[in-house]
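Numbering of residues begins at 1 and proceeds along the displayed sequence.
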Amino acid sequence: MKLAILDDWFDTLRTLPCFTKLDGIDVTVFTDHEPDPDMLAERLKPFDAVVLFRERSAMTAQILRQLPNLKLISQRSVYPHVDVDACTANGTLLCSNMHAGTPSFAAAEHTWALILAAMRQIPQQMANMQAGRWQMGVGKTLNGRTLGLYGYGRIAKAVETYATAFGMNVLWWSSEAGRARAKADGKTIASSRDAFFSTPDVISVHVRLKPPTRGLITAHDLALMRDDALFVNTSRAGLIEPDAMLNALNAGRPEKAALDVFDVEPITWLDDPLITHPNVTCTPHIGFVTEDEFELQFSDIFDQVAAYKNSEPIHMINPSVWDQTASQ
């Protein structure tokens with residue numbers, strides 16, 4: 001098996017204990033990002049299996065139809081960046097462990113780091129000191145304030161524990177099914193969607209990006225937020241209606257945003273209007289970027305590769321491909 005691992009920008013995966021799961025496999029690790037679909041397809045032609053590094057590279061029909069020998073894509077979690085129908089048509093098996101019941105503590109911790117950084121003006125205060133000045137403003141205490149959590153899932157529940165430890169009140173909103181689960185668990189649910197967006201000091205969104213959730217949070221939602229509120233997104237930029245975040249900040253509702261995810265990644269150009277906005281605290285999609293989280297995620301991904309090599313594939317998203325392969 002010839003296996004390509006894409007987008008391991010710091011060549012980290014070789015250093016993880018789980019990398020030994022690939023012993024006996026011809027592995028090539030690409031430490032750069034190839035944004036051009038045709039160039040990426042050309043890069044992948046020698047390989048019959050590919051490991052994706054989260055959503056850094058999309059596997060589209062345009063790419064897949066140039067890879068007739070690609071038999072396996074192994075990744076973890078949701079797959080809005082993978083054209084499953086095109087995989088099936090191409091005879092490519094997609095394996096992705098959905099890790100039910102396993103929260104990403106790295107993402108939850110980073111969410112909290114962004115909340116603290118934005119509320120206490122940490123990046124601005126640091127930059128001011130490094131420029132030879134002293135204090136530049138007055139931050140806000142979290143104790144006694146209200147955190148709104150949109151999405152009743154694993155990461156949001158972890159964030160709730162941090163909020164409780166800091167003495168915050170937590171207000172919830174989610175899908176109808178999510179609200180029902182939250183209510184059954186005794187959580188405080190907003191009386192309406194409008195009430196959810198207009199009440200909290202801080203709102204953080206924790207929803208999976210799927211076709212039904214794309215553009216889930218609208219310009220109307222953001223306009224309801226208080227003019228002293230903070231909006232936090234460590235999930236996916238596509239959950240927000242296009243251009244709504246920048247327009248909302250320019251209009252002053254919410255006052256601030258703390259963002260780890262963006263419509264186009266990686267951002268490698270100067271003067272992007274969103275990340276250079278004076279009221280934005282931003283990081284380059286590092287919510288999941290810890291050694292511990294990599295070991296957890298890629299252990300699952302490499303298990304899938306090893307299982308496929310042993311003709312016992314696991315976590316199949318399009319099992320009809322394997323059924324056809326096994327019958328030949």
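Expressed to the nearest 0.5 Å, how far CG of D194 lies from CG of L224 amounts to 5.0 Å. Here CG of N97 is found 10.0 Å from CD of Q75. Values are rounded to the nearest 0.5 Å. Between atom NZ of residue K140 and atom CE of residue M119 there is a gap of 5.5 Å, rounded to the nearest 0.5 Å. Here CG of D221 is found 4.0 Å from CZ of R193. Values are rounded to the nearest 0.5 Å. The distance from atom CG of L94 to atom CD1 of I73, rounded to the nearest 0.5 Å, is 6.0 Å. From S174, atom OG reaches atom NE2 of H206 across 11.5 Å, with rounding to the nearest 0.5 Å.
Formation of a donor-acceptor pair under 3.5 Å by the D272 side chain with backbone atoms of I275 is found in this model. S96 places a side-chain N or O within 3.5 Å of a backbone atom of S77 that can act as its donor or acceptor partner. The backbone N or O of R133 lies less than 3.5 Å from no partner atom in the side chain of Q130, so there is not a single donor-acceptor pair. Panel note: side chain E34, backbone D36; a donor-acceptor pair is recorded below 3.5 Å. No donor-acceptor pair closer than 3.5 Å links the side chain of R145 to the backbone N or O of M168. Between the side chain of T20 and the main chain of P17, a donor-acceptor pair closer than 3.5 Å is present. Between the side chain of N310 and the main chain of E312, no donor-acceptor pair closer than 3.5 Å is present. Between the Q121 side chain and the P123 main chain, no donor and acceptor come within less than 3.5 Å of each other. N90 places no side-chain N or O within 3.5 Å of a backbone atom of T92 that could act as its donor or acceptor partner. Between the side chain of T213 and the backbone N or O of R208 there is at least one donor-acceptor pair closer than 3.5 Å.
When side chains are defined from C-beta on, V289 does not count as touching F10, because their heavy atoms never get closer than 4.5 Å. In this structure, P266 and H33 have side chains that are in contact, with non-hydrogen atoms separated by less than 4.5 Å. L3 is not listed as a side-chain neighbour of F47, based on a closest heavy-atom distance of 4.5 Å or more. The shortest side-chain heavy-atom distance between T281 and L230 does not fall under the 4.5 Å cut-off. Within the 4.5 Å cutoff, the side chain of V50 has heavy atoms near those of the L6 side chain. Looking at L93 and I317, their side chains never come closer than 4.5 Å, going by heavy atoms from C-beta outward. Side-chain contact between T146 and V170 is absent, with no heavy atoms from C-beta onward closer than 4.5 Å. Annotation: side chain of L52 is in contact with side chain of H81 (closest heavy-atom distance under 4.5 Å).
Using a 30° and 60° split on the angle between ring planes, F302 and F298 fall in the tilted class, from 30° to 60°.
Judged by the 6.0 Å and 45° rule, R179 forms no cation-pi pair with W172. Relative to the six-membered ring of F231, K256 misses at least one condition, a distance below 6.0 Å or an angle of at most 45° to the axis.
Summarising the local packing, CZ of F19 is surrounded by more than 12 heavy atoms from other residues, nucleotides or ligands at distances under 6.0 Å. With a 6.0 Å radius and a threshold of 12 heavy atoms from other residues, nucleotides or ligands, K45 has its NZ atom above the threshold. Within a 6.0 Å radius of CH2 in W269, more than 12 heavy atoms belonging to other residues, nucleotides or ligands are found. For M136, the CE atom sits in a packed shell: over 12 heavy atoms of surrounding residues, nucleotides or ligands are nearer than 6.0 Å. Counting non-hydrogen atoms of neighbouring residues, nucleotides and ligands closer than 6.0 angstrom, the CZ atom of R54 exceeds 12 such neighbours. Within a 6.0 Å sphere centred on CD of E291, other residues, nucleotides and ligands contribute 12 heavy atoms or fewer.
When each of V207, N233, L222 is tested with I217 by the rule side-chain contact (heavy atoms from CB on, under 4.5 Å), just one qualifies, namely L222.
Side-chain atoms of D83 and T60 form no donor-acceptor pair, as typed in the model, at a separation below 3.5 Å. Using a 3.5 Å distance cut-off with no hydrogens or angles, the side chains of D11 and T31 do not pair a donor with an acceptor. Looking at H110 and T283, their side chains do bring a donor and an acceptor atom within 3.5 Å of each other. A side-chain donor-acceptor contact under 3.5 Å links Q62 and D38. Judged by distance alone, the side chains of N250 and H277 do bring a donor and an acceptor atom under 3.5 Å apart. Side chains of H99 and R154: a donor-acceptor N/O pair is present below 3.5 angstrom, by distance only. In this model, a donor atom of one side chain and an acceptor atom of the other lie less than 3.5 Å apart for T234 and T111.
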Check against ring-ring contact (aromatic ring centres under 6.0 Å, His included), Y152 and W173: CA-CA 7 Å; Y152 193 64; W173 193 254; over 10 Å; no
How far apart are the C-alpha atoms of F53 and F294, what are their side-chain angles, what is the distance that settles it, and do they pass the ring-ring contact (aromatic ring centres under 6.0 Å, His included) test? CA-CA 10 Å; F53 208 122; F294 283 3; 5.2 Å; yes
Determine, stepwise, if the pair D263 / R236 fulfils salt bridge (Lys or Arg N to Asp or Glu O under 4.0 Å). CA-CA 8 Å; D263 288 325; R236 293 293 184 273; over 6 Å; no
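The pair K2-D48 does not meet the salt-bridge criterion, since no charged nitrogen lies less than 4.0 angstrom from a carboxylate oxygen. Looking at D228 and R226, a side-chain N of the basic residue comes within less than 4.0 Å of a carboxylate O on the acidic one, giving a salt bridge. The existence of a salt bridge linking D300 and R76 is confirmed by a sub-4.0 Å separation between a basic side-chain nitrogen and an acidic carboxylate oxygen. By the 4.0 Å N-to-carboxylate-O rule, D7 lies too far from R56 to be salt-bridged with it.
Taking all atoms of both residues into account, the shortest heavy-atom contact from C87 to V82 is SG-CG1, 3.7 Å. A pairwise comparison of heavy atoms in S235 and V205 identifies OG-O, 2.8 Å as the closest pair. Contact between T218 and A244 at its shortest, heavy atoms only, is C-CB, 4.5 Å. Closest of all the heavy-atom pairs between P254 and A229 is CB-O, 3.5 Å. Here the closest non-hydrogen pair linking V305 and I25 is CG1-CD1, 3.7 Å. Here the closest non-hydrogen pair linking P200 and A195 is CD-O, 4.4 Å.
The aromatic ring centroids of F166 and W112 lie less than 6.0 Å from each other. Here the two rings, on H285 and F288, have centers that are under 6.0 Å apart.
Hydrophobic clustering (ILVMFWY, side-chain heavy atoms < 4.5 Å, transitive): M98 and V84 are in one cluster. In the hydrophobic clustering of ILVMFWY residues, with side-chain heavy atoms under 4.5 Å counting as a link, L147 and F197 come out together.
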